[in-house]
Amino acid sequence: MADMKKKYNEEVVPALMKKLGYKNVMQVPKLKKIVLSMGIGTKMEKDAFTEGKNILAAISGQLPVITKAKKNVANFKLRVGQPVGVMVTLRSSRMYEFLDRFVHNALPRIRDFRGVPKRGFDKVGDYNMGIQDVSVFTEIDMEKLKYPMGLNITIVTSAQTDAEAKELLTMMEMPFAR
């Protein structure tokens with residue numbers, strides 16, 4: 001069992017039940033999934049998609065899928081069905097393992113890191129954030145990086161409000177900015 005999953009079951013659930021006044025364990029907010037995505041764009045060469053897939057596979061431990069445009073956008077010379085990025089959805093044990101590596105290994109490696117922003121909540125209990133450089137992950141070899149790539153991270157919770165979600169993520173050791 002992943003350390004974060006064990007921490008959630010043994011420490012976070014009882015603490016949230018006490019703090020939020022829940023009577024039933026099923027009411028306690030929990031992590032549903034983590035979605036990792038990279039927008040690569042249409043201007044890059046084809047090997048940028050290969051590199052993006054390899055990077056995301058190394059970070060997540062799961063093979064990503066290529067996302068395609070859903071609309072035509074003339075200003076961006078974008079057509080329906082054109083590849084624009086890669087994404088992967090993590091659930092259960094892989095989700096907790098990624099969160100553990102992200103909080104304890106990747107975030108401390110970000111230059112001038114003062115905590116993740118509090119404004120990433122979306123009013124329904126989910127949290128979004130972006131990382132400008134994927135080289136903060138220990139799985140990535142700096143010499144093999146050909147293109148500078150960022151990463152979008154969406155943490156989907158079962159919390160009803162942003163306050164509940166923030167409390168859950170804080171107890172899961174997410175370092176929020178002051």
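In the hydrophobic clustering of this structure, L20 groups with L169; members are Ile, Leu, Val, Met, Phe, Trp, Tyr whose side-chain heavy atoms approach within less than 4.5 Å, directly or through other members. Two different hydrophobic clusters hold V86 and V65 under the rule that ILVMFWY side chains link at heavy-atom gaps under 4.5 Å. Both I66 and I55 belong to a single network of hydrophobic side chains, linked directly or stepwise wherever heavy atoms of I, L, V, M, F, W or Y lie under 4.5 Å apart.
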Please test V35 against V88 for side-chain contact (heavy atoms from CB on, under 4.5 Å), starting from the C-alpha separation and ending with a verdict. CA-CA 6 Å; V35 180; V88 65; over 6 Å; no
Apply the test side-chain contact (heavy atoms from CB on, under 4.5 Å) to residues F102 and L151: give CA-CA distance (whole Å), side-chain angles for both, the deciding distance (0.1 Å), then the verdict. CA-CA 12 Å; F102 178 64; L151 180 68; over 6 Å; no
Could you please spell out the steps behind the salt bridge (charged side-chain N to carboxylate O under 4.0 Å, His left out) verdict for K6 and E11? CA-CA 8 Å; K6 188 175 181 182; E11 297 174 26; over 6 Å; no
Apply side-chain contact (heavy atoms from CB on, under 4.5 Å) to residues N152 and M38 and explain how you reach the verdict. CA-CA 6 Å; N152 298 320; M38 290 178 159; over 6 Å; no
Would L168 and Y127 satisfy side-chain contact (heavy atoms from CB on, under 4.5 Å), going step by step from the backbone distance to the final call? CA-CA 11 Å; L168 168 67; Y127 183 73; over 6 Å; no
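Counted within 6.0 Å of CD on Q27, heavy atoms from surrounding residues, nucleotides or ligands total more than 12; the atom is thus considered enclosed. The 12-atom threshold is not exceeded at CD of Q160, counting heavy atoms of other residues, nucleotides or ligands nearer than 6.0 Å.
Contact of the L36 side chain with the L56 side chain is registered, since non-hydrogen atoms from C-beta on lie closer than 4.5 Å. Between L31 and M172, the closest side-chain pair of non-hydrogen atoms falls below 4.5 Å. Counting heavy atoms from C-beta on, the side chains of M4 and E97 never come closer than 4.5 Å. Annotation: side chain of L99 is in contact with side chain of M174 (closest heavy-atom distance under 4.5 Å). Within the 4.5 Å cutoff, no side-chain heavy atoms of R101 are placed close to those of Y96. Side-chain atoms of T161 and F121, non-hydrogen and from C-beta on, never get closer than 4.5 Å to each other. Residues L107 and V116 are in side-chain contact: their nearest non-hydrogen atoms beyond the backbone lie under 4.5 Å apart. Within the 4.5 Å cutoff, the side chain of V13 has heavy atoms near those of the Y8 side chain.
Side-chain atoms of Q62 come within 3.5 Å of backbone atoms of T89 as a donor-acceptor pair (strictly under, hydrogens ignored).
Rounding to the nearest 0.5 Å gives a distance of 9.0 Å between CG of D133 and CZ of R111. Note: F137 CZ to I59 CD1 = 4.5 Å, rounded to the nearest 0.5 Å. Taking CG of D112 as the reference point, atom CD1 of I110 lies at 10.5 Å (rounded to 0.5 Å). Separation of atoms CG (N9) and NZ (K30) is listed at 10.5 Å; rounding is to 0.5 Å. One finds the OG atom of S60 at 9.5 Å from the CD atom of E139 (value rounded to the nearest 0.5 Å). Note: D3 CG to D100 CG = 5.0 Å, rounded to the nearest 0.5 Å.
Looking at every heavy atom in both residues, K19 comes nearest to M171 through CD-CE, 4.3 Å. Closest approach of D162 to D122, counting heavy atoms only: OD1-N, 4.0 Å. Closest approach of V80 to N72, counting heavy atoms only: N-OD1, 2.8 Å. Heavy-atom minimum distance, P29 versus S158: CA-OG, 3.4 Å. Here the shortest heavy-atom pairing between P108 and V103 reads CD-O, 3.5 Å. When every heavy atom of T157 is checked against every heavy atom of A165, the shortest pair comes out as OG1-CB, 3.9 Å.
Geometric assessment of K166 against the ring of F176 yields a positive cation-pi assignment under the 6.0 Å and 45° thresholds.
Partner of M95 under the side chain to side chain contact (heavy atoms under 4.5 Å, CB included) criterion, out of I155, L90, V156: L90 alone.
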